[in-house]
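Worksheet: the structure to be examined is printed underneath.
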Amino acid sequence: MKYSVAIVGGGIIGSSAAYFLARTGNDVSVAVIEKDSSYSNATTSQGAGGVRQQFSVEENIAQSTFSLDFYKQWKTHMADVPGLSDLKFREQGYLFVVTAEGEDTLLRNEALQRSMGVRTIVMDRKELCRKFPSIDRQDIVQSVYTPDDGWIDPKAGLWGFRQAAEHHGTAYINGQATSMDTTKTKVIGVNLQDGRKIEADYVINCAGPWVNDIAKMTGTALPIAPMCRLQHFWECPHGFEDLPLVKDESGMFFRPEGSGFAGGRPSFDIKPGFVEDIDSGFLGNYFKDTVSPMLATLVPKFKDLRLQRSWGGHYAQNLLDGNVIIGTYSEGHDNLLTACGFSGHGVMHAPAVGRALSELVLHGGYQTLDLTRFGYDRVKRNEPLRETGIK
Ligand SMILES: Cc1cc2nc3c(=O)[nH]c(=O)nc-3n(C[C@H](O)[C@H](O)[C@H](O)COP(=O)(O)OP(=O)(O)OC[C@H]3O[C@@H](n4cnc5c(N)ncnc54)[C@H](O)[C@@H]3O)c2cc1C
């Protein structure tokens with residue numbers, strides 16, 4: 001079969017790209033190759049779904065602003081899609097809290113966000129305790145609250161993009177990409193494990209934490225590694241005000257979820273790579289010994305929390321700088337693109353990245369938001385473009 005575009009990996013990024021290509025491209029045929037349509041191991045199924053505009057790199061703020069608005073207008077954009085998944089968007093805001101050490105960076109970032117039109121509310125410790133009385137840690141000196149932010153159900157986002165892409169004619173092909181056919185300057189097709197060949201004018205590598213399996217097929221290595229991140233769900237018998245997604249400088253975060261709260265803190269002892277069997281004893285002990293005391297210091301009512309469930313998921317960590325790599329990446333193959341290495345930001349940037357990939361394919365360059373600084377060139381130059389402050 002021959003398509004205009006073949007996308008390897010139908011998670012939220014591949015499916016968003018397929019949606020924007022299929023919706024906007026005239027006479028563009030799109031195929032998405034996905035090895036596991038249950039998405040049980042895909043990063044998108046493991047994520048927290050947070051969507052925030054609190055960043056320090058302008059392009060990240062702009063991607064979030066576009067994506068947040070897209071998610072808020074979800075039903076309008078997707079009005080013609082039958083049986084569309086409910087995104088379960090909760091507009092309950094994001095709150096970053098910092099100690100004296102993080103104050104200057106937090107305020108510098110806030111000024112940039114505000115200059116770009118983000119609604120921000122700066123609160124010192126006293127104001128914070130008034131607005132969110134459950135949060136009460138002595139060393140917090142400053143906080144920034146962005147009330148327009150929130151979170152979605154990431155699986156619903158993935159399935160919504162997939163349903164919409166299929167509605168606009170995208171073919172989802174069940175199969176595992178195992179190699180690529182190339183000429184000196186182009187990729188001409190993708191070979192699947194079962195022997196099928198998918199020919200295409202463009203190929204986009206959206207394989208999430210498996211992105212290097214695909215990159216290797218054309219002799220490239222991307223600075224991306226799977227990174228295991230632990231999450232927990234707990235309940236607490238006390239009443240709470242409507243809390244936002246709360247994050248501190250240690251990387252600890254939590255947000256309301258159903259009858260309780262979901263969140264966690266990265267275990268920095270876990271090295272990059274797939275962790276096949278996360279020991280449930282380790283998970284429980286990590287929560288009991290590390291996460292739970294930290295939560296209880298930030299929110300005293302959490303002293304009485306009851307852990308219900310812990311799990312691990314992998315995201316694609318960009319080891320260079322924690323930000324996306326987008327565009328061409330394989331020396332000599334100008335029709336092979338990627339969007340990878342989102343670290344913890346892929347769900348919140350999926351609409352902006354899907355649109356950007358569609359522009360690169362349909363127009364040969366960015367038409368709306370210029371993401372050139374997030375291209376592979378910075379990898380070649382070894383020039384990281386990092387976030388500062390809370391990541
Ligand atoms: C614990 C945790 C919390 C997170 N919290 C947030 C958050 O709050 N906000 C946020 O924005 N992001 C968050 N993220 C990150 C976010 O979930 C990811 O950035 C995003 O889901 C990446 O989507 P993706 O489509 O690139 O990857 P995936 O969802 O992993 O999709 C890649 C797909 O490629 C397929 N594939 C791989 N290899 C092949 C092959 N050879 N052939 C065919 N198919 C293949 C896989 O089966 C998979 O379905 C979090 C992640 C984790 C783990």
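Order of appearance sets the numbers: ligands from 1, and atoms from 1 within every ligand. When a residue number appears, it is its place in the shown sequence, counting from 1.
Tyr71 is not listed as a side-chain neighbour of Gln73, based on a closest heavy-atom distance of 4.5 Å or more. Inter-residue side-chain proximity for Val361 and Leu21 is flagged as met; some heavy-atom pair is nearer than 4.5 Å.
In this structure, the protein non-hydrogen atom closest to atom 42 (N) of ligand 1 is Ala177 N, 3.0 Å. When only non-hydrogen protein atoms are considered, atom 46 (C) of ligand 1 lies nearest to Glu34 OE2, 3.5 Å. Of the protein's non-hydrogen atoms, the one nearest atom 26 (O) of ligand 1 is Ile13 CG1, 3.4 Å. When only non-hydrogen protein atoms are considered, atom 9 (N) of ligand 1 lies nearest to Gly50 O, 3.0 Å.
Partners of Asp377 under the side chain to side chain contact (heavy atoms under 4.5 Å, CB included) rule, at least two apart in sequence or in another chain, are Lys380, Arg381.
For atom 23 (O) of ligand 1, the nearest non-hydrogen atom from the set Val8, Thr44, Ile33, Thr178 comes from Thr44. For the residues His314, His349, Lys155, Gln231, the heavy atom positioned nearest atom 1 (C) of ligand 1 is part of Gln231.
Residue-ligand proximity, Met348 to ligand 1, at heavy-atom distances under 4.0 Å covers atoms 9 (N), 10 (C), 11 (O). Taking every non-hydrogen atom of Tyr39 and a distance limit under 4.0 Å, the qualifying atoms of ligand 1 come out as 49 (O). Every atom of ligand 1 is numbered from 1 in the order shown, and the set under 4.0 Å from a heavy atom of Ile214 is 41 (N). Close approach of ligand 1 to Gly208 (heavy-atom distance below 4.0 Å) involves ligand atoms 26 (O), 27 (O), 32 (C).
The closest approach between Ser15 and ligand 1 stays at or above 4.0 Å for every heavy atom of the residue. Residue contacts with ligand 1 do not include Asp213, since none of its heavy atoms lies under 4.0 Å from the ligand. Assignment of Ser343 to the shell around ligand 1 is supported, since a heavy atom sits closer than 4.0 Å. Taking 4.0 Å as the cut-off, Cys206 counts as a neighbour of ligand 1 on heavy-atom distance.
The nearest pair of heavy atoms linking Ala6 to Ile33 is CB-CD1, 4.5 Å. Looking at every heavy atom in both residues, Leu95 comes nearest to Ile135 through CD2-CD1, 3.6 Å. Between Thr182 and Ile188, the closest heavy-atom pair is N-CG1, 4.1 Å.
Taking the six-membered ring for Trp, His349 and Phe342 have ring centres at least 6.0 Å apart.
Residues in residues 286-314 take part in these ring-ring contact (aromatic ring centres under 6.0 Å, His included) pairs, two or more places apart or across chains: His232-Phe287, Trp234-Phe287, Trp234-Phe302, Phe240-Phe302, Phe254-Phe302, Phe261-Phe302, Phe274-His314.
Because its NZ or CZ atom is not both nearer than 6.0 Å to the ring centre of Trp151 and within 45° of the ring axis, Lys88 does not count as a cation-pi partner of that residue. In this structure, Arg265 is not positioned above the aromatic face of Phe253 in the sense of NZ or CZ being under 6.0 Å from the six-membered ring centre and within 45° of the axis.
Every N/O-N/O distance between Gly14 and ligand 1 stays at or above 3.5 Å.
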